[in-house]
Amino acid sequence: MLDPAAVVTSAAPDLLVVHRKLPGRARLRSEQLRRAPARVRALEAELRKERGVLGVDASPVTGSILLRFEQGADFEALLRRVAELLAGP
């Protein structure tokens, strides 16, 4: 299993895994989302398309992302996808 910190460091250095104790649920945080409502909406829309994602709620006020996913989903792959979307073009 990959270290979540190692996964995100290169693509989106400010992406943090804040909480991941409940199966199928993780709270992430990125300063890139603070005061960026359009970016939050785009991130939510793209993540909802990902296989295994049940829901995404992100906040432009806190920069927090609540990611809900199927228990069998590959969390590290979802985390890499979040990092890719934050790194963006």
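Just so you know, residue 1 is the first one in the sequence shown, and it goes up from there.
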Visitor: Determine whether Leu79 and Leu67 make a side-chain contact, defined as any pair of heavy atoms from C-beta on separated by less than 4.5 Å.
Guide: no
Visitor: Tell me, which pairs form a ring-ring contact (aromatic ring centres under 6.0 Å, His included) where one or both residues lie in residues 45-72, sequence neighbours left out?
Guide: Phe69-Phe75
Visitor: What is the minimum heavy-atom distance between Ala73 and Leu78, and which atoms define it?
Guide: CB-CD1, 4.2 Å
Visitor: Tell me the closest heavy-atom pair linking Leu15 and Ser30, and the distance in Å.
Guide: CD1-CB, 4.2 Å
Visitor: Using 0.5 Å steps for rounding, measure from the OG1 atom of Thr62 to the CD atom of Glu31.
Guide: 9.5 Å
Visitor: Mind jotting down which residue pairs meet the ring-ring contact (aromatic ring centres under 6.0 Å, His included) criterion with at least one end in residues 13-59? Sequence neighbours excluded, please.
Guide: none
Visitor: What closest approach, in Å, do Pro23 and Gln71 show between heavy atoms, and which atom pair accounts for it?
Guide: CB-CD, 3.8 Å
Visitor: How about Arg25: does its CZ atom have over 12 heavy atoms from other parts shown lying under 6.0 Å from it?
Guide: no
Visitor: Scan for salt bridge (charged side-chain N to carboxylate O under 4.0 Å, His left out) pairs involving residues 48-66, sequence neighbours excluded, and state none if there are none.
Guide: Glu46-Lys49, Glu50-Arg81, Asp57-Arg68
Visitor: Group every Ile, Leu, Val, Met, Phe, Trp and Tyr by side-chain heavy-atom contacts under 4.5 Å, then state whether Leu66 and Leu43 land in the same group.
Guide: no
Visitor: Within the structure provided, determine whether Leu33 and Leu86 are in side-chain contact (heavy-atom separation under 4.5 Å).
Guide: yes
Visitor: Provide the closest heavy-atom pair for Ala26 versus Arg20 in the form atom of the first, atom of the second, distance.
Guide: CB-CG, 4.2 Å
Visitor: Within this structure, what is the CZ-CG distance for the pair Arg27 and Leu16, rounded to the nearest 0.5 Å?
Guide: 13.0 Å
